[in-house]
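These notes are about the structure you will find just below.
Keep in mind that this is a model prediction, so the values were computed, not measured. Letters A, B, ... are given to chains in the order of the sequence lines, protein chains preceding strands, and every chain is numbered from 1.
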Number of protein chains: 2
Amino acid sequence: MYKENNLSKNQQIIFDLINKSSEPLKAYTILFSVQKKGIKAPPQVYRALDKLVETGKIHKIESKNAFVACRSSNCEISKATAFSICESCEMVDEISDTKLSKYLSGFNHKKGMKFKRFNLEFFGICKKCKKD
Amino acid sequence: MYKENNLSKNQQIIFDLINKSSEPLKAYTILFSVQKKGIKAPPQVYRALDKLVETGKIHKIESKNAFVACRSSNCEISKATAFSICESCEMVDEISDTKLSKYLSGFNHKKGMKFKRFNLEFFGICKKCKKD
DNA sequence: TTACATAGTGTTATATTATAACAAATTTAA
DNA sequence: TTAAATTTGTTATAATATAACACTATGTAA
Ligand SMILES: [Zn+2]
Ligand SMILES: [Zn+2]
Ligand SMILES: [Zn+2]
Ligand SMILES: [Zn+2]
């Protein structure tokens with residue numbers, strides 16, 4: 001059963017929910033939404049989320065404690081993630097910009113630390129909210 | 001009393017603690033540390049933290065829910081913050097790199113959204129941890 | 001097939017992080 | 001000196017996340 005798509009039952013349920021969502025979902029919103037499918041307790045949700053993040057199917061928006069499905073191909077297994085976040089409507093959009101991704105992946109710390117991964121969050125007011 | 005340095009009593013106590021710390025401090029660690037100074041409840045800590053973040057004296061490390069004092073001059077009032085984070089020892093270092101800061105401040109989203117602010121977190125293993 | 005290791009599940013309890021709401025005191029500015 | 005704005009103190013509670021344990025399902029290899 002797991003072989004078909006390498007996601008377990010709970011992982012698939014939770015991924016589907018996040019993937020269909022147009023906005024970031026929080027863990028307890030997810031929990032509430034999947035209770036009818038038999039997922040009843042926080043650890044079930046957090047374990048699935050952890051795995052999905054680990055495998056790069058979803059990303060955590062750290063400034064919001066919320067999760068979005070990966071929409072990019074630049075961020076292989078979440079090593080190079082960038083998002084634009086509207087401070088008014090809370091919309092989150094994954095940024096797929098090869099130049100940006102390369103620039104940051106190649107960035108070297110003056111103090112010699114070698115980076116394996118980065119996460120970048122941009123904040124502003126989206127076009128839609130500016131009209132209002 | 002507030003005029004001298006524009007920090008209130010609680011704000012100053014909490015800023016001093018964070019500023020002296022060599023590692024990011026969490027809200028409840030701070031709360032515990034300042035109880036002898038009369039700060040007894042979470043809201044007192046969170047209010048001071050909010051204000052200090054707002055005025056750019058400290059930054060929140062989103063991936064760790066922890067706070068560090070600002071060590072940079074590139075990040076005026078926290079509009080352009082970047083950190084290097086060791087995944088082994090949890091050390092956090094604020095990155096002051098004018099080029100990086102300019103590059104990201106000038107980054108324009110393809111979808112036309114204008115950014116006011118960004119936060120970047122790099123992850124890796126620091127030099128000290130690599131030796132071990 | 002059996003046996004083993006790895007990964008996933010269900011469950012209860014609890015830890016950690018953060019805010020709501022309200023009353024009082026302090027500071028600032030008109 | 002009065003009124004607004006900010007800060008403080010306090011209690012309670014909301015929201016986010018993990019520990020620990022017993023059990024089940026799956027993949028691998030003798
Ligand atoms: Zn992605
Ligand atoms: Zn918006
Ligand atoms: Zn700074
Ligand atoms: Zn380290």
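- The shortest distance between the side-chain N/O atoms of A:N65 and the OP1/OP2 oxygens of D:dA17 is below 4.0 Å.
- Side-chain N/O atoms of A:N10 include one lying less than 4.0 angstrom from OP1 or OP2 on C:dG10.
- Comparing A:T29 and B:G38 along DNA chain D, the residue whose closest nucleotide (by nearest heavy atom) sits nearer the 5' end is B:G38.
- Contact check, A:S8 against C:dT9: a side-chain N or O comes under 4.0 Å of OP1 or OP2.
- Between the CZ atom of A:F32 and the C1' atom of D:dA14 there is a distance of 16 Å, given to the nearest Å.
- B:Q44 has no side-chain polar atom (N or O) that falls below the 4.0 Å cut-off from OP1 or OP2 of D:dT8.
- Using a 4.0 Å cut-off, some side-chain N or O of A:K9 falls inside it from OP1 or OP2 of C:dG10.
- Across the protein-nucleic acid pair, B:K64 atom NZ and C:dT16 atom P stand 15 Å apart, rounded to whole Å.
- Note that CG of A:D97 is 12.0 Å distant from OG of A:S84, once rounded to the nearest 0.5 Å.
- Between B:L25 atom CG and C:dT17 atom P the separation is 12 Å, expressed in whole Å.
- Look at CZ on B:R47: it is 12 Å from P on C:dT19, rounded to the nearest Å.
- Of the candidate nucleotides C:dA18, C:dG10, D:dA17, C:dA18 has the atom lying nearest to any side-chain atom of B:Y46.
- Atom OG1 of B:T81 and atom CG of B:N119 lie 3.5 Å apart (nearest 0.5 Å).
- The nearest whole Å value for the distance from the CG atom in A:L7 to the C1' atom in D:dA25 is 16 Å.
- Between B:K64 and B:E121 there is no salt bridge, since none of the side-chain N atoms of the basic residue sits less than 4.0 Å from a carboxylate O of the acidic one.
- In this structure, B:K57 is positioned above the aromatic face of B:F15, its NZ or CZ under 6.0 Å from the six-membered ring centre and within 45° of the axis.
- Distance CD1/A:I14 to NZ/A:K37: 10.5 Å, rounded to 0.5 Å.
- Between B:Q11 and D:dT7 there is a side-chain N or O to OP1 or OP2 distance below 4.0 Å.
- In the interface, the side chain of A:Y28 is paired with the base of D:dA17 through a donor and an acceptor atom under 3.5 Å apart.
- Applying the 4.0 Å criterion to OP1 and OP2 of D:dA15, one finds that A:K26 has every side-chain N and O outside that range.
- With rounding to whole Å, B:K60 atom NZ is found 8 Å from C:dA18 atom C1'.
- When each of A:P42 and B:P43 is assigned the nucleotide of DNA chain D bearing its nearest heavy atom, the one mapping closer to the 5' terminus is B:P43.
- Which of D:dG9, C:dA18, C:dT12 sits closest to the side chain of A:A41 comes down to C:dT12.
- B:L49 places its CG atom 12 Å from the C1' atom of C:dT17, with the value rounded to the nearest Å.
- Rounded to whole Å, atom C1' of D:dT16 lies 13 Å from atom CD of A:E62.
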